[in-house]
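What follows is a short report on a single structure.
Start at 1 and go down the list; that is how both ligands and their atoms are numbered. All values below come from the heavy atoms of this structure, side chains included, with hydrogens, waters and symmetry mates left out. The structure displayed is predicted, hence computed values, not measured ones.
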Amino acid sequence: MTDAAPFRASVLTLYPEMFPGPLGASLAGEALNNGLWSLEARNIRDHGIGRHAKVDDTPAGGGVGMVLRADVLAAAIDAASPAGDMRPRLLMSPRGKVFRQGDAHELVAAGGAVIICGRFEGVDERVIAGRSLQEVSIGDYILSGGELAAMALLDAAVRLIPGVMGKSESGHDESFEHGLLEYPHYTRPRDWEGQSIPEVLIGGDHAKVARWRREQAEALTRERRPDLLDKRGRLV
Ligand code: SAH
């Protein structure tokens, strides 16, 4: 492969036309055009079986729906990720470990990922161990396919690639980066529908502003996401 982008994503899907989709716009789209990352969407059906390029079959043991075949998926994975490809192989799955900000940083450090998007009832269990797939979820709800989940985690990772975010949009204070939710933001006009910008933000005392923001971030986190704090109210 001649592609030398610092972050390489290969997505295996039955709907390659969905990509780059939203990843082609704004920050991620500009970075894609500038070669800071690369994206190939590969059609699993290219490895389908027979004249109809069949990719799925009925579940062993009975039941509703269809299951993606292990042999078809393995052939697609082998073509996308030949021996020596060190990128992690992620299977989008509601059963997986829930994706967090730290995982986005890890993906960037790994230089990209091979991402498999399930459809129907999911995939034949054997391919998970057979091709060392890590199951990744984006939350406790069921999507109709892995494509939107893949886009969500690629978007989270791509913005962290060095050079993608300019200084002005840099993510240092952002929610989750320091284990806290972010403090509230304000901009012009100073008074809007009877609500004013908090006085401290207009006073010009940077130390006071920093303290106020920290307090706000802690209060918001305690109120909305106590799971991010330990029993003593400290960051976990
Ligand atoms: N029968 C499965 C759900 C299948 S949904 C179950 O109950 O666990 C079809 C596909 O959508 C999955 O194979 C997966 O690739 C994707 N998907 C659905 N919800 C997801 C989520 N929360 N996170 C990541 N991928 C998801």
Side-chain angles (χ1 to χ4, degrees), residues 7-24 28 37 39-49 52-81 85 87-108 110 112-160 175-176 224-225 227-228:
F7 183 94
R8 296 191 299 117
S10 300
V11 178
L12 276 53
T13 168
L14 287 171
Y15 300 94
E17 67 277 13
M18 286 188 183
F19 292 85
L23 296 174
W37 70 295
L39 172 66
E40 57 164 1
R42 303 176 69 112
N43 198 339
I44 295 168
R45 198 169 294 283
D46 291 346
H47 302 274
I49 289 168
H52 298 294
K54 200 169 164 51
V55 295
D56 57 351
D57 217 319
T58 52
V64 293
M66 299 294 270
V67 176
L68 279 167
R69 290 176 58 125
D71 50 356
V72 171
L73 214 42
I77 294 166
D78 294 344
S81 181
D85 184 354
R87 293 175 295 169
R89 296 168 174 174
L90 312 180
L91 172 65
M92 295 296 101
S93 159
R95 301 189 322 191
K97 183 169 161 270
V98 176
F99 190 76
R100 302 188 60 169
Q101 186 66 9
D103 300 312
H105 283 284
E106 274 185 25
L107 278 190
V108 174
V114 178
I115 304 179
I116 296 119
C117 303
R119 277 273 155 182
F120 322 123
E121 287 311 310
V123 307
D124 186 309
E125 189 72 20
R126 293 170 292 181
V127 77
I128 299 175
R131 288 297 178 276
S132 310
L133 307 184
Q134 297 170 38
E135 292 181 74
V136 179
S137 166
I138 63 162
D140 295 342
Y141 40 82
I142 304 295
L143 302 167
S144 43
E147 289 78 8
L148 286 174
M151 287 177 194
L153 67 90
L154 283 175
D155 186 75
V158 160
R159 56 197 294 287
L160 301 175
S175 294
F176 309 118
R224 297 187 186 175
R225 293 294 305 274
D227 58 301
L228 297 175

- Query: Under 4.0 Å from any heavy atom of Gly146, which atoms of ligand 1 are there?
  - Reply: 11 (O), 15 (O), 16 (C)

- Return the residue, atom name and 0.1 Å-rounded distance of the protein heavy atom closest to atom 7 (O) of ligand 1. Ile142 CD1, 4.3 Å

- Polar-atom distance check: Met92 versus ligand 1, any N or O pair below 3.5 Å? yes

- Tell me: protein heavy atom nearest atom 5 (S) of ligand 1, and distance? Leu143 O, 3.3 Å

- Message: For ligand 1 and Ser144, I'd like to know whether there is a polar contact (N/O to N/O, distance under 3.5 Å).
- Response: no

- Nearest non-hydrogen partners of Trp37 and Ala28, listed with the distance: NE1-O, 2.9 Å

- Closest protein heavy atom to atom 1 (N) of ligand 1, given as residue, atom name and distance to 0.1 Å: Glu121 O, 3.0 Å

- Item | For atom 4 (C) of ligand 1, closest protein heavy-atom neighbour | Phe120 O, 3.5 Å

- Query: Hey, is Ala149 touching ligand 1 through its side chain, its backbone, both or neither, going by heavy atoms under 4.0 Å?
  - Reply: side chain

- Does some side-chain heavy atom of Leu148 sit less than 4.5 Å from a side-chain heavy atom of Met92? no

- Task: Tell me which protein heavy atom sits closest to atom 13 (O) of ligand 1, plus the residue, atom name and distance to 0.1 Å.
- Result: Gly118 CA, 3.4 Å

- Among Val123, Val114, Ile116, which one satisfies side-chain contact (heavy atoms from CB on, under 4.5 Å) with Leu133? Ile116

- Min heavy-atom dist Val136 to ligand 1 below 4.0 Å: yes

- Would Glu135 and Arg89 pass as an ion pair if we require N to O under 4.0 Å? no

- Do me a favour and list the nearest non-hydrogen protein atom to atom 17 (N) of ligand 1 with residue, atom name and distance? Pro94 CD, 3.8 Å

- Message: Taking distance alone, with N or O pairs closer than 3.5 Å, would you say Ile138 contacts ligand 1?
- Response: yes

- Note on the structure: In Asp71, Asp57, Val55, the residue satisfying side-chain contact (heavy atoms from CB on, under 4.5 Å) with Ile49 is Asp71

- atom 25 (N) of ligand 1: the protein heavy-atom neighbour that sits closest, reported with distance to 0.1 Å: Ser93 N, 3.3 Å

- Query: Is any side-chain N of the basic residue among Arg119 and Asp56 closer than 4.0 Å to the acidic one's carboxylate O?
  - Reply: no

